[in-house]
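To keep things clear, I will list the structure first and then write my remarks on it.
Numbering starts at 1 and runs along the sequence shown.
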Amino acid sequence: MGGLAFRLLLLPFLAPVATTAVNPALRALASLNLQIFPTFQPEEANNYSIYYFDQKIDHFGFYNTKTFKQRYLISDKYWKTYDGVILFYTGNEGDITWFSNHTGFMWDVAEKLKALLVFAEHRYYGESLPFGDDSFKDSKHLNFLTSEQALADFAELIRHLKRTVPGADGQPVIAIGGSYGGVLAAWFRMKYPHLVVGALAASAPIWQFEELTPCGVFMKIVTEDFKKGGTKCSESILRSWGAINRLSNTGKSIENIISNLNSEDIQRLKDWLSETWVNLAMVNYPYPANFLKPLPSWPVKEVCQYLTNPYMSDSLLVQNIYQALNVYYNYSGQTRCNNISETTIGNLGSRVWGYQTCTEIILPFCTNGVDDMFEARSWDLDKYSDDCYKQWGVRPRPSWVTTLYGGKDIRSHSNIIFSNGDLDPWSGGGVTEDLSDTLVAVNIPDGAHHLDLRPSTETDPPSLQLARSVELRHMKQWVSDFYGNYRKQP
């Protein structure tokens, strides 16, 4: 999801540290939410104005009347007040300026849609801190970090813009987001259909929750990506776990990977490796990119060049793993050693994302070492809950999200585009088939994590160009329908 950084494994959303041993795929989720984009410095990247809006800390109770400053960005370069549209980015778990500068799709279509661009920062991330420096102090201060509160922030902000920005009142609004932001965009359309005429939910795993998607699907897709990358690549990675275990028992030092590590360190090392493979699958783009790390085009294929023989000696296999890792961690050749506590850049809010993944964003992951290239790990909700309580003093409510947003029973809703790339591990929990004429799935062959939200390039494959044209066509139709109905009103 650009995003979901559970301490499990992938990017910035860090779930409890202890949880990492249970589920490496969770941290990968976090990385997703970061949104993976190539180096993107369009002229418009800094062509926005920064504003702050007083939001209620608690939208759903009446006792706490305190407020905080929510940051949002606006660009009106191509906006037309007569027949334009407001494209509203539903912020992820991170600094909103970072998302603005890397969500190239919105900047690319702004002129075509005569759009006002609005990027809203998610509470508890970036500068939008409900309690300032005390926001992360304890679970009492974090209590207002929920998707419901974040969606209510977006709703209030839209109402504020309609009241205060001349020309905005009579305009349609379209929600756009990727990964966790894409999940929020879809949920926003479901919960506030009177405020947004539609939503583009890119790489949004809205079904990666309890009893909706098998827990092993995510890591199975990761494995398929590596199978496509090289003939024996996934087999080599699968065998590497045993090789690491055996070498660690001998006390041998192998390259920069294994050196005097105890059993706990070895587990952390393997979790770090697992997260790296997941991140590579998510950012497996057809051109060089610099999002999580500076990477070449098709980085999984590049990695797999070093992993062609799973049957060599343990020592040689682990040395090849080290060479493969350098594609991710040292492609630029500037890194002197690898830090197993870091797998991505630090632009995302991994610290607080762990709290969200311990409360309502519960994403079950498991592996079996048969259908995937990872060591077998079952999904243990009781242990996960204990780890969350140990770190945050809270326990997860795994059924709440499906109760609140409907699970797979969403056919009563309308005007949502669910886009997914088949290389993206999060597509396993996404909507990949049309549910109705207005709940539309856009699938991108050989597409990684929300590839369609990245800026367009001259080398974009036809499948990606087609996906964006379909998305733009639907958005234009929503705008046309809005004005047709709006202008018919007495």
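We find that Asp452 and Arg468 are not joined by a salt bridge, their nearest charged nitrogen and carboxylate oxygen being 4.0 Å or further apart. With salt bridges taken as basic N to acidic carboxylate O contacts below 4.0 Å, none links Asp108 and Arg454. Taking the charged nitrogens against the carboxylate oxygens, Asp169 and Arg163 have no contact shorter than 4.0 Å, which rules out a salt bridge. In this structure, Lys390 does not pair ionically with Asp386, as no charged nitrogen and carboxylate oxygen lie closer than 4.0 Å.
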Could you check Thr146 against Glu360 for side-chain hydrogen bond (donor to acceptor under 3.5 Å, both in side chains), going step by step and ending with a plain yes or no? CA-CA 7 Å; Thr146 65; Glu360 61 178 5; 4.7 Å; no
Would you please test Tyr355 and Gln391 for side chain to side chain contact (heavy atoms under 4.5 Å, CB included) and show each step? CA-CA 9 Å; Tyr355 177 84; Gln391 182 172 8; over 6 Å; no
One pair to check against side chain to side chain contact (heavy atoms under 4.5 Å, CB included): Gln208 and Phe365. What are the steps and the verdict? CA-CA 9 Å; Gln208 191 78 42; Phe365 292 94; 3.9 Å; yes
With side chain to side chain contact (heavy atoms under 4.5 Å, CB included) as the test, would you mind laying out the steps for Leu116 and Ile74 before giving the verdict? CA-CA 7 Å; Leu116 178 71; Ile74 288 183; 3.6 Å; yes
Working for side chain to side chain contact (heavy atoms under 4.5 Å, CB included), residues Gln149 and Arg123: CA-CA 8 Å; Gln149 297 281 6; Arg123 58 169 53 203; 3.6 Å; yes
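Nearest heavy-atom pair, Ala185 versus Ile176, reported as atom, atom and distance to 0.1 Å: CB-C, 4.0 Å. Pairing each heavy atom of Val196 with each of Ile158, the nearest pair is CG1-CD1, 4.1 Å.
More than 12 non-hydrogen atoms from other residues, nucleotides or ligands lie less than 6.0 angstrom from CG of Asp54. For Arg159, the CZ atom sits in a loose shell: 12 or fewer heavy atoms of surrounding residues, nucleotides or ligands are nearer than 6.0 Å. For Phe131, the CZ atom is densely surrounded, since the number of other residues' heavy atoms within 6.0 Å is greater than 12. Atom CG of Asp138 is surrounded by more than 12 heavy atoms from other residues, nucleotides or ligands within 6.0 Å. Heavy-atom contacts from other residues, nucleotides or ligands closer than 6.0 Å to CD of Glu211 number 12 or fewer.
Under the 6.0 Å cut-off for aromatic ring centres, Tyr78 and Trp107 do not qualify, their centroids lying 6.0 Å or more apart. You'll find the ring centres of Phe88 and Phe154 inside the 6.0 Å limit. Between His122 and Tyr180, the distance from one ring center to the other falls under 6.0 angstrom.
Figure legend: Lys408 and Trp207 shown as a cation-pi pair, the cationic atom lying under 6.0 angstrom from the six-membered ring centre and within 45 degrees of its axis.
A distance-only check finds no donor-acceptor pair linking the side chain of Asn420 to the backbone of Gly430 [under 3.5 Å]. Looking only at distances, a side-chain donor or acceptor of Glu121 sits under 3.5 Å from a matching main-chain atom of Glu127. Thr164 places a side-chain N or O within donor-acceptor distance of the main-chain N or O of His160, the cut-off being under 3.5 Å. The closest donor-acceptor contact from the side chain of Asn92 to the backbone of Gly178 lies under 3.5 Å. Listed for the Glu433 side chain is no donor-acceptor partner under 3.5 Å among the backbone atoms of Ala441. Between the side chain of Asp434 and the main chain of Ser436, no donor-acceptor pair closer than 3.5 Å is present. Tyr483 places a side-chain N or O within donor-acceptor distance of the main-chain N or O of Gly84, the cut-off being under 3.5 Å. A distance-only check finds no donor-acceptor pair linking the side chain of Asp481 to the backbone of Trp478 [under 3.5 Å]. Checked by atom type and distance alone, the side chain of Ser480 never pairs as donor or acceptor with a backbone atom of Gln477 at under 3.5 Å. Checking side-chain atoms of Thr276 against main-chain N and O of Trp272 turns up a donor-acceptor pair under 3.5 Å.
Under the 30°/60° scheme for interplanar angles, the aromatic rings of Trp379 and Tyr384 are found to be tilted. Below 30°, between 30° and 60°, or above 60°: for Tyr124 and Phe136 the angle between ring planes is between 30° and 60°, a tilted geometry.
The only member of Tyr51, Tyr89, Phe99 that meets ring-ring contact (aromatic ring centres under 6.0 Å, His included) when paired with Phe119 is Tyr89.
Side-chain contact, Tyr72 with Ser128: no donor N or O sits under 3.5 Å from an acceptor N or O. There is no side-chain donor-acceptor pair under 3.5 Å between Trp79 and Glu111. In the model, His449 has a side-chain atom that pairs as donor or acceptor with a side-chain atom of Asp424 under 3.5 Å. For the residue pair Ser399/Glu210, the side-chain donor-acceptor check at 3.5 Å is satisfied. Judged by distance alone, the side chains of Asn47 and Ser75 never bring a donor and an acceptor atom under 3.5 Å apart. Side-chain contact, Arg395 with Thr359: no donor N or O sits under 3.5 Å from an acceptor N or O. Side chain to side chain, Ser274 and Asp271 fail the donor-acceptor criterion of an N or O pair below 3.5 Å.
With a 4.5 Å cut-off on side-chain heavy atoms, Glu156 and Gln55 count as touching. Counting only heavy atoms from C-beta outward, the side chains of Ile221 and Ser427 approach each other to under 4.5 Å. Using a 4.5 Å cut-off on side-chain heavy atoms (C-beta onward), Val173 and Val197 make no contact.
For Lys162, there are no salt bridge (charged side-chain N to carboxylate O under 4.0 Å, His left out) partners, not counting sequence neighbours.
With rounding to the nearest 0.5 Å, the separation of CG in Asp153 from CD in Gln70 is 5.0 Å.
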